[in-house]
Amino acid sequence: MKTFWTILLTFALAGVCRAQAEPGMTITRVLPDKLLYDTGEPVNVAVTVSNSTTAVQQGELRVRLEWEMDEGLALGSQAVNLQPKEEKTLTFTWPKSTQVLGTGAYVELLQDGKMVSAAHDFFNVVDPADAMRVSLQGGTGNINPKALDRSLYLNMYELSGWGGGTINWMNPSGDAWPGAYSWVTRENLKALCDNPYGIKILAYVISFTQQISGERFSVREPDRFLFDENGMIYTFAFDLKDDAVKHRATRAPGVRGASAYTAAPDWTQERNLYYWADEILKSAREFGWHGIRFDGDPSFIAAESCEYYNTEGRRFTLEEKHRLSNEANDKFKKYIKSKAPDFLLYYNGEPSLDKVSLDPTLGIHCSGGSVRGSEVTRDMVSTSNPYNRWDELYERFALNVELCRQNGGFYSAIIAHPWMHMGMESTQLAFATLFATGTQPWIGNRGNNLEEYDQLVVPYFKTMTRYSALFW
């Protein structure tokens with residue numbers, strides 16, 4: 001574990017990015033063609049040089065890739081000749097990349113043997129199955145592939161509101177369908193997943209049925225679901241009060257609404273596990289998903305206080321719920337990975353429930369480099385939470401990171417837009433705490449907070465892109 005002050009110093013030093021002499025020939029942009037490369041892919045670094053003078057200028061460009069602290073390789077040099085007021089772009093290529101994680105492309109422009117301009121940009125190279133290790137993740141509901149902004153240094157997105165994601169609807173039919181925020185087209189969804197920047201797209205999925213299609217699914221195949229003591233399909237209605245979403249059990253078998261009829265499948269049935277896994281993999285083949293973000297995995301723990309019954313009318317005990325949740329998650333994950341080894345899995349849940357007892361599914365969730373992320377952290381950084389002390393927040397993050405790493409994975413904090421209720425200064429300290437503990441971020445989309453987002457998120461995420469091998 002890196003020390004807090006060492007990493008703060010790293011951030012303090014990370015702002016130095018360009019050196020220039022008198023106006024003349026200048027490097028105006030360094031741009032690797034991707035943010036995130038799969039190991040073995042070629043890395044192409046485009047370098048743009050401009051001549052602001054009224055005279056012909058000649059010089060030499062030199063490019064070096066560096067990772068860790070000082071390891072790297074030279075990509076060579078190229079002569080550059082510019083006419084007055086001309087701009088030119090030259091490309092340097094690393095033909096076959098290796099897994100070096102965070103990398104900087106450092107460029108120098110020399111004239112008469114002296115450096116007159118320098119600039120750089122950063123990217124990651126990682127094995128596809130290990131991509132969660134360097135994830136700088138955000139959430140978005142925007143299906144338009146043109147909305148992906150490489151300059152934000154987000155290399156992974158969770159796509160919510162895409163119109164699917166439940167056990168009953170992972171593969172919408174037709175060329176377009178209604179999403180939560182706008183109409184979704186098959187063409188745009190495929191283009192988003194096949195974006196040119198190497199950004200990984202995770203589909204939001206939830207382990208319940210939803211909406212009228214879910215109701216029809218449960219009516220058609222009721223024996224796939226859990227039941228209440230009256231022998232009716234166990235459902236959840238979402239009760240919206242005071243801007244807080246609260247779960248309440250309901251005995252009504254068909255509650256309609258915006259998120260209507262969320263029925264709980266019986267995950268002790270292997271056919272349910274493999275049916276949902278096959279639907280997820282079919283959706284990934286069709287649209288190009290790189291992975292999924294669970295909002296509710298194949299388990300019973302999400303509602304462990306509820307009274308579940310199986311098709312024979314036998315109630316599940318709390319001990320059974322934990323044991324069966326482990327078994328269901330283990331079977332589901334092994335099945336997914338046997339079919340698609342590089343498929344990424346992000347699970348929702350707080351690893352340390354009370355700093356003592358552990359979530360029994362943690363080992364299964366984290367195994368193989370998967371991520372366990374917590375929405376609780378959105379409240380941790382607020383002044384109304386008992387974890388509003390920086391030392392306690394640091395300890396909490398550090399504990400979660402250690403628990404996840406011991407189990408073969410990584411810990412992510414879902415913090416959305418903290419600067420909206422904390423202020424920029426406190427949020428900067430929260431970000432430093434997050435990265436200092438080795439926690440990986442999940443940040444809300446840019447939205448309308450352009451200035452705050454660009455001032456806060458971009459410098460941190462850019463620095464983490466370069467030094468990911470040291471932090472993670």
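Start at 1 with the first residue, then count along the sequence. What you see is a predicted model, and the numbers here were worked out from it, not measured in a lab. Values below: all heavy atoms of this structure, side chains included; hydrogens, waters and symmetry mates excluded.
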Are side-chain N/O atoms of T361 and N326 paired as donor and acceptor at under 3.5 Å? no
Is it true that E279 and N171 share a donor-acceptor pair across their side chains at a distance under 3.5 Å? yes
Option passing ring pair (Phe, Tyr, Trp, His ring centres under 6.0 Å) with F332 (candidates Y347, Y274, F343, F294): F294
Please determine whether salt bridge (Lys or Arg N to Asp or Glu O under 4.0 Å) holds for the pair E402 and R405, giving the CA-CA distance in whole Å, both sets of side-chain angles, and the decisive distance to 0.1 Å. CA-CA 5 Å; E402 188 64 24; R405 289 187 178 179; over 6 Å; no
Answer with yes or no after comparing the ring centroid distance for W177 and W162 against a 6.0 Å cut-off, counting only values under it. no
When the aromatic ring centroids of W169 and W276 are compared, is their separation below 6.0 Å? no
Donor-acceptor under 3.5 Å ([X] side chain, [Y] main chain):
X: K333; Y: I364; answer: yes
X: N272; Y: D266; answer: yes
X: N329; Y: S325; answer: yes
X: Q406; Y: L403; answer: no
X: D121; Y: P32; answer: no
X: T439; Y: F435; answer: no

A side-chain contact here means heavy atoms from C-beta on lying under 4.5 Å apart; do N348 and D295 qualify? yes
Would R150 and D33 pass as an ion pair if we require N to O under 4.0 Å? no
Kindly indicate, with the supporting measurements, whether the criterion salt bridge (Lys or Arg N to Asp or Glu O under 4.0 Å) is fulfilled by E327 and R323. CA-CA 6 Å; E327 293 176 1; R323 177 176 60 81; 3.2 Å; yes
What is the ring orientation for Y411 with F397, classed by angle as parallel under 30°, tilted 30 to 60°, or perpendicular over 60°? tilted
More than 12 foreign heavy atoms under 6.0 Å from CD of E221: is that the case here? yes
Y467 and M69: which non-hydrogen atoms are nearest, and at how many Å? CE2-SD, 4.4 Å
